[in-house]
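What follows is a set of notes on a single structure, which appears directly below.
Quick note on labels: first sequence line is chain A, next is B, and so on, each numbered from 1. Side chains are part of it too, since the values below use all heavy atoms of this structure and drop only hydrogens, waters and symmetry mates.
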Protein chains: 2
Amino acid sequence: MESPHSNGALKSCPIHEFPAFAALGEKLTSALKAVESDTVEYTAADTIYTAGVNAQHIYLLREGHVKLFKTTPAGKDQIIRIVKAGEIFGFDGLVDIRYNHSALPLKQASVCRIAVEKLAALGERRPEVERLIMVRCIKELQHADERLLELGAKRSGERLASFLLAWCCDAQTWTPLVLSRLEIAQLLGLTIETVSRLFAQWKRDGLVQEKRQAIQIMDRKQMVTVAGSHC
Amino acid sequence: MESPHSNGALKSCPIHEFPAFAALGEKLTSALKAVESDTVEYTAADTIYTAGVNAQHIYLLREGHVKLFKTTPAGKDQIIRIVKAGEIFGFDGLVDIRYNHSALPLKQASVCRIAVEKLAALGERRPEVERLIMVRCIKELQHADERLLELGAKRSGERLASFLLAWCCDAQTWTPLVLSRLEIAQLLGLTIETVSRLFAQWKRDGLVQEKRQAIQIMDRKQMVTVAGSHC
DNA sequence: CGCACTCTTGAAGGTGCTCAAGGGTTGTGG
DNA sequence: CCACAACCCTTGAGCACCTTCAAGAGTGCG
């Protein structure tokens, strides 16, 4: 079930203005402008799509964050990926009838969505579009490789440190931590308690600081060491 | 460093005959025939490519198995994916200069490789080729999602059971187990001892049988239960 | 036959999980 | 404005799962 919950009428979305599609060049801009796409606003309570439902749209995240996750038969959630502004998600429709995972906004999300058949039609006329999606997809695959390495071959501290280094691009700067402890745990394949304990320890050690939903890495060098000299 | 170790001269490779490219249709067959591609044979001792080296080729596996893996700074290997005959691997060259992971044959592998610039050139004239790679890539991504769920949210027994169910498509049939215990461990994010103990237990329970590099699931139903009612 | 390699099995230990309780924060309604 | 509930986070204690370390058995190969 999709529950758009848009703020009033759907607004049209200027796809061609986004960095993801910026490389497509002059000639294509007009074609992109002609593509029918809607802007939809989601709050934390809304569902973007659920695993197993018909995959009708491809999404471009304009603003906010989206979590993609799968659930085990036992009911345990694993977050596959945190989508950031400017990134594409929900390609499943180009291949399968149904979505392979679920998508929820973290706090708030503003997305631009295009119907799969519209995109497929555009792809027929403009092969550059599919090339672009191919490229994005390969990059996602590389990202997934890295995450498999983390989950399969690293300890809890290394995983959390790697995540923080990737999340806080700059050290010594306050960065909003949009994820709850539970969500971090579900992303890293740990429990909420383990994540909490690591944070507590690192705060005592002066490695990180935290204040109401924002975080700061104090000692990037040491954090890199904890992560296992990576990133 | 790539070390082809081909058996004598490179043989040309009939790409268009492979299932991966079968859907491309009549018109394209001639174009595919014209693409310069080599067949290369690898033994267990050879390297196909290593993470970090220049990504010069895209590969199609004709025969055998290939493991794609990454290594942590600590020197621990994580197998990302086991490539089976008919599948494509090594797309990194279409996006990056270098390979993102390493590729080794399991026992033996016969691959067909195409230089990235050749494929890119073909892609310019024949957009179907890039669409095909896009589709394959999305499927890989879905596969990666599933593996992230396994590594992040499942216990050792569930992981091994899922793997065996996927590996032995048919129960009650002997299937060659090309992977060593160590490789299974590296694939599932476990230790060799844990894998060995699970096998020993399941053999005692009559769940599986094993004889010189071949394995058979005796009770598929129960194996599905162990896997956590999935697959 | 002996060497190398893989696999098995045991015992001990640690990492991370489970269970449980308490504290802090936010939002809501009286 | 305060009381209270709901929610998230923290912290502790005990334990289970899996790893680590170690030794031995099985297998293949020169």
Side-chain angles (χ1 to χ4, degrees), chain A residues 43-45 67 72 74-79 104 106-108 150-164 176-205 208-215 226-228, chain B residues 43-45 67 72 74-79 104 106-108 150-161 163-164 176-205 208-215 226 228:
Chain A
T43 69
K67 62 175 172 183
T72 64
K76 216 170 165 187
D77 284 352
Q78 174 67 38
I79 296 182
L104 288 180
L106 277 190
K107 292 249 178 307
Q108 159 273 339
E150 305 256 307
L151 293 186
K154 293 191 178 176
R155 325 200 134 281
S156 59
E158 300 174 300
R159 294 185 211 173
L160 184 58
S162 296
F163 162 72
L164 287 178
L177 184 59
V178 195
L179 300 161
S180 70
R181 295 290 132 108
L182 178 60
E183 285 164 334
I184 296 174
Q186 289 172 343
L187 179 67
L188 303 179
L190 303 169
T191 58
I192 188 175
E193 293 96 332
T194 302
V195 174
S196 186
R197 273 185 253 269
L198 284 168
F199 268 116
Q201 184 61 47
W202 292 353
K203 281 188 227 170
R204 277 193 291 273
D205 298 348
V208 298
Q209 280 190 359
E210 199 180 16
K211 68 169 183 192
R212 38 176 31 271
Q213 293 283 14
I215 195 162
V226 175
Chain B
T43 69
K67 61 175 173 184
T72 64
K76 217 170 165 187
D77 284 351
Q78 174 66 39
I79 296 181
L104 288 181
L106 277 190
K107 291 248 178 305
Q108 158 274 339
E150 305 254 308
L151 293 186
K154 293 190 178 177
R155 330 196 128 270
S156 59
E158 301 174 300
R159 294 186 211 172
L160 184 57
F163 162 73
L164 287 179
L177 184 59
V178 195
L179 300 161
S180 70
R181 294 291 131 107
L182 178 60
E183 286 164 333
I184 296 174
Q186 289 172 342
L187 178 69
L188 303 179
L190 303 169
T191 58
I192 188 175
E193 293 96 331
T194 303
V195 174
S196 187
R197 273 184 253 269
L198 285 168
F199 268 116
Q201 184 62 47
W202 291 353
K203 281 188 226 170
R204 277 193 292 273
D205 297 347
V208 298
Q209 280 190 359
E210 198 180 16
K211 68 169 183 192
R212 39 175 26 271
Q213 293 283 13
I215 196 163
V226 175

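Protein atom CZ of A:Phe199 is 16 Å distant from nucleotide atom P of D:dC8, rounded to whole Å. The interatomic distance linking A:Lys211 (NZ) with C:dG24 (C1') rounds to 19 Å, in whole Å. In this entry the distance linking CD of B:Glu158 with C1' of D:dC17 reads 12 Å, nearest Å. Spacing between atom CD1 of A:Ile215 and atom P of D:dC9 amounts to 12 Å, rounded to whole angstrom units. A straight line from CD of B:Gln201 to C1' of C:dG10 spans 15 Å, rounded to a whole angstrom. Atom CZ of B:Arg181 and atom P of D:dC18 are 17 Å apart (whole Å). Distance, A:Lys154 NZ to D:dT19 C1': 19 Å, rounded to whole Å. The nearest whole Å value for the distance from the CG atom in B:Leu160 to the C1' atom in D:dC18 is 14 Å.
In terms of heavy-atom proximity, B:Gly157 sits nearest to B:Val226 at O-CG1, 4.0 Å. When all heavy atoms of B:Gly189 and B:Arg159 are compared, the closest pair comes out as O-NH1, 3.5 Å. Looking at every heavy atom in both residues, B:Leu151 comes nearest to B:Leu188 through CD2-O, 3.3 Å. Across B:Ala185 and B:Ile192, no two heavy atoms sit closer than the pair CB-N, 3.6 Å.
The phosphate of D:dC18 (OP1 or OP2) has a side-chain N or O of B:Ser156 nearer than 4.0 angstrom. For the pair A:Arg155 and D:dT20, the criterion of a side-chain N or O lying under 4.0 Å from OP1 or OP2 is met.
Using a 4.0 Å cutoff on non-hydrogen atoms, the parts of residues 185-195 of chain A near DNA chain C are A:Gly189, A:Leu190, A:Thr191, A:Glu193, A:Thr194, ordered by number.
Interface remark: the B:Arg212 side chain does not form any donor-acceptor pair with the D:dG26 base, using a distance-only criterion of under 3.5 Å. Looking at B:Arg197, its side chain comes within 3.5 Å of the base of D:dT20 through a donor and an acceptor atom.
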Inset, instruction - Output, in order, the C-alpha distance, side-chain angles, deciding distance and verdict of side-chain contact (heavy atoms from CB on, under 4.5 Å) for A:Phe163 and A:Val195. - result: CA-CA 12 Å; A:Phe163 162 72; A:Val195 174; over 6 Å; no
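The pair B:Arg181-B:Glu210 meets the salt-bridge criterion, with a side-chain N (NZ, NE, NH1 or NH2) lying under 4.0 Å from an Asp/Glu carboxylate O.
With values rounded to the nearest 0.5 angstrom, B:Thr72 atom OG1 is found 9.5 Å from B:Gln78 atom CD.
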